Asker: 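For reference, the structure I am asking about is given below.
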Protein chains: 2
Amino acid sequence: MVSFERFVPGDGPIYQQIVLYIKREISSGIIHPDDEMPSRRVLSALLGVNPNTVQKAYKLLEDEGIIRSHSGAKSLIVLSEKMREKIRNDLLENDAKNAVATLKQIGVSKNEAFELIERFWKEED
Amino acid sequence: MVSFERFVPGDGPIYQQIVLYIKREISSGIIHPDDEMPSRRVLSALLGVNPNTVQKAYKLLEDEGIIRSHSGAKSLIVLSEKMREKIRNDLLENDAKNAVATLKQIGVSKNEAFELIERFWKEED
DNA sequence: TAAGCTGTATTAATCGAATAATACACTTAG
DNA sequence: CTAAGTGTATTATTCGATTAATACAGCTTA
């Protein structure tokens, strides 16, 4: 069962955050093919949002071929290794590029950036 | 005159993006005390948004003591070195912590994070 | 001085995100 | 089998962000 323990509400529409969360968990290998998604109703209760908002996220995931839904049954993760690699590369491209651009605009040098990473990389690898 | 050349539209409300942009340019020392802000109307035309949206951003900046407005005259940046340092530290805390958390969730190791920074830090220091 | 720009304010309308309340057909487990 | 849970769909409403259209008084400069 796909867990939302690591989900932290951030900026932007909730349905997009859900999609991003799933992609990141897939990228890190925590979510695997054939894993069960929580039902729309259960997840909406867990996150404290409306079922329609969750449905919107699941619809997007299905359109991208990341989950498969059968009316009446739970939705499942369907994922080839190729798709997983593509998702990971896309996320790295977006997020890393974004982080670098932001740090540079703040006026951080490359060395200072390395120090910041060190400083905030507290926990395990 | 404060320039918006480096402004790139991103996520979230536009008025918040404007506030963040100004703070980052202040942090990097590109914007100085007594610099003139573009007028609400000029900036709204430049960004292609409504004057009210810009006004909302300027109001927030004024509430934070970052700019000062006099009816009829251009708004000016007012900033002590202490405020600048605080703004910089706040931005670093938020953005660097954020970037690290995101990279970790994607399943990036610390070493891989360093490689990514190297790779995307193309331009000058 | 006079025109043009400036900050400020007000009111109405639009638009997307999110909520709310149902309904129905399908599946799965007891 | 049957009840409970599930995916899906529909309609109405709320809310914040944004647009739109003005208006007015203060500064600034030619």
Side-chain angles (χ1 to χ4, degrees), chain A residues 1-4 7-23 26 31 33-79, chain B residues 1-4 7-23 26 31 33-79:
Chain A
M1 169 70 77
V2 170
S3 160
F4 275 75
F7 182 86
V8 222
D11 294 327
I14 299 175
Y15 70 92
Q16 285 182 10
Q17 292 183 47
I18 295 174
V19 170
L20 213 48
Y21 174 80
I22 295 297
K23 287 184 177 177
I26 285 173
I31 292 181
D34 287 332
D35 278 355
E36 266 188 357
M37 294 286 286
S39 84
R40 275 85 162 154
R41 290 169 177 84
V42 166
L43 182 56
S44 71
L46 184 65
L47 300 183
V49 301
N50 195 277
N52 298 332
T53 303
V54 175
Q55 162 63 11
K56 196 169 184 176
Y58 279 33
K59 176 68 165 56
L60 289 177
L61 288 169
E62 179 145 37
D63 289 345
E64 289 198 56
I66 295 177
I67 71 175
R68 178 169 297 277
S69 304
H70 294 288
S71 185
K74 287 233 181 65
S75 298
L76 296 182
I77 299 281
V78 291
L79 205 59
Chain B
M1 168 70 78
V2 170
S3 160
F4 274 76
F7 182 86
V8 220
D11 294 327
I14 301 174
Y15 70 91
Q16 285 182 9
Q17 292 183 47
I18 295 175
V19 170
L20 213 48
Y21 174 80
I22 294 297
K23 286 185 178 178
I26 286 174
I31 293 181
D34 287 332
D35 278 356
E36 267 188 356
M37 293 287 285
S39 85
R40 275 83 164 157
R41 289 169 177 85
V42 166
L43 182 56
S44 70
L46 184 65
L47 301 182
V49 302
N50 195 275
N52 297 333
T53 303
V54 176
Q55 162 63 11
K56 195 168 183 176
Y58 280 34
K59 176 69 165 55
L60 289 177
L61 288 169
E62 179 146 36
D63 289 345
E64 290 198 55
I66 295 177
I67 71 175
R68 177 169 298 276
S69 304
H70 294 288
S71 185
K74 288 233 180 65
S75 298
L76 296 181
I77 299 281
V78 292
L79 203 61

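So that the names make sense, note that chain A is the first sequence line, chain B the second, and so on, each numbered from 1. Any value given below was found using the heavy atoms of this structure, including those in side chains, with hydrogens, waters and symmetry copies removed. All figures in this text were calculated on a predicted structure; none of them were measured in a lab.
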Asker: Would you say that more than 12 heavy atoms from the other residues, nucleotides or ligands in this model lie under 6.0 Å from the CG of A/D34, or not?
Answerer: no
Asker: Could you tell me whether the side chain of A/Q17 reaches within less than 4.5 Å of the side chain of A/F7, counting heavy atoms only?
Answerer: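 Answer yes - side chains close enough.
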Asker: Looking at the side chain of A/V42, which of D/dT19, D/dT6, D/dT8 is the nearest nucleotide?
Answerer: D/dT6
Asker: Tell me whether the OP1 or OP2 atom of D/dG7 has a side-chain N or O from A/S75 closer than 4.0 Å.
Answerer: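 For D/dG7, OP1 or OP2 has a side-chain N or O of A/S75 closer than 4.0 Å.
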Asker: What integer distance in Å separates B/H70:NE2 from D/dT28:C1'?
Answerer: 15 Å
Asker: Looking only at the side chain of B/S39 (C-beta and beyond, no hydrogens), which of the listed nucleotides C/dA20, C/dT6, D/dT19 gets closest?
Answerer: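 Of C/dA20, C/dT6, D/dT19, C/dT6 is nearest to the side chain of B/S39.
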Asker: Please report the distance, rounded to the nearest Å, between CG in B/L76 and C1' in D/dC27.
Answerer: 13 Å
Asker: Rounded to the Å, how far apart are A/K56 NZ and C/dT19 P?
Answerer: 11 Å
Asker: Taking B/S75 as the fixed residue, which of B/E62, B/H70, B/R40, B/R68 is the one that meets the side chain to side chain donor-acceptor pair (under 3.5 Å) rule?
Answerer: B/R40
Asker: B/S71 side chain N/O closer than 4.0 Å to the phosphate oxygens (OP1, OP2) of D/dA25?
Answerer: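 Negative; the distance criterion is not met.
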Asker: Any side-chain N or O of B/T53 under 4.0 Å from OP1/OP2 of D/dT19?
Answerer: yes
Asker: May I ask you to evaluate whether B/Y15 reaches the phosphate of D/dA17, defined as a side-chain N or O under 4.0 Å from OP1 or OP2?
Answerer: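 B/Y15 to D/dA17 OP1/OP2: side-chain N or O found under 4.0 Å.
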Asker: Under a 4.5 Å cut-off applied to non-hydrogen side-chain atoms, are B/F4 and B/I22 in contact?
Answerer: yes
Asker: Rounding to an integer number of Å, can you tell me how far B/R68 CZ sits from C/dT8 C1'?
Answerer: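 Going from CZ in B/R68 over to C1' in C/dT8 covers 16 Å.
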Asker: Please check if atom CG in B/D11 has more than 12 non-hydrogen atoms from other residues, nucleotides or ligands closer than 6.0 Å.
Answerer: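 Open.
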Asker: Per the atom types in the model, does the base of C/dG7 pair as donor or acceptor with the side chain of B/R41 at under 3.5 Å?
Answerer: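 Answer yes: a donor N or O sits under 3.5 Å from an acceptor.
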Asker: Nearest whole Å is fine: how far is D/dA17 C1' from A/D11 CG?
Answerer: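 About 15 Å, once rounded to whole Å.
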Asker: Contact class for A/Y58 (heavy atom, under 4.0 Å): base, sugar-phosphate, or nothing?
Answerer: nothing
Asker: Any side-chain N or O of A/K74 under 4.0 Å from OP1/OP2 of C/dT28?
Answerer: no
Asker: What does A/K59 touch in the nucleic acid at a heavy-atom separation under 4.0 angstrom: a base, only the sugar-phosphate, or nothing?
Answerer: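 Since no nucleic acid heavy atom lies under 4.0 Å of A/K59, the category is nothing.
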Asker: So which one's nearest nucleotide on DNA chain C is more toward 5', B/M37 or A/P13?
Answerer: B/M37
Asker: Between B/L47 (CG) and D/dT19 (P), how many Å, whole number?
Answerer: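 It is 10 Å, rounded to the nearest whole Å.
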Asker: Rounding to a whole Å, what distance do you find between B/L43:CG and C/dG7:C1'?
Answerer: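 My rounded result for the distance is 14 Å.
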Asker: Round to a whole Å and report the spacing from CZ of A/R40 to P of C/dA25.
Answerer: 19 Å
Asker: Name the residue closer to the 5' end of DNA chain C, choosing between A/P51 and A/A73 according to the nucleotide with the nearest heavy atom.
Answerer: A/P51
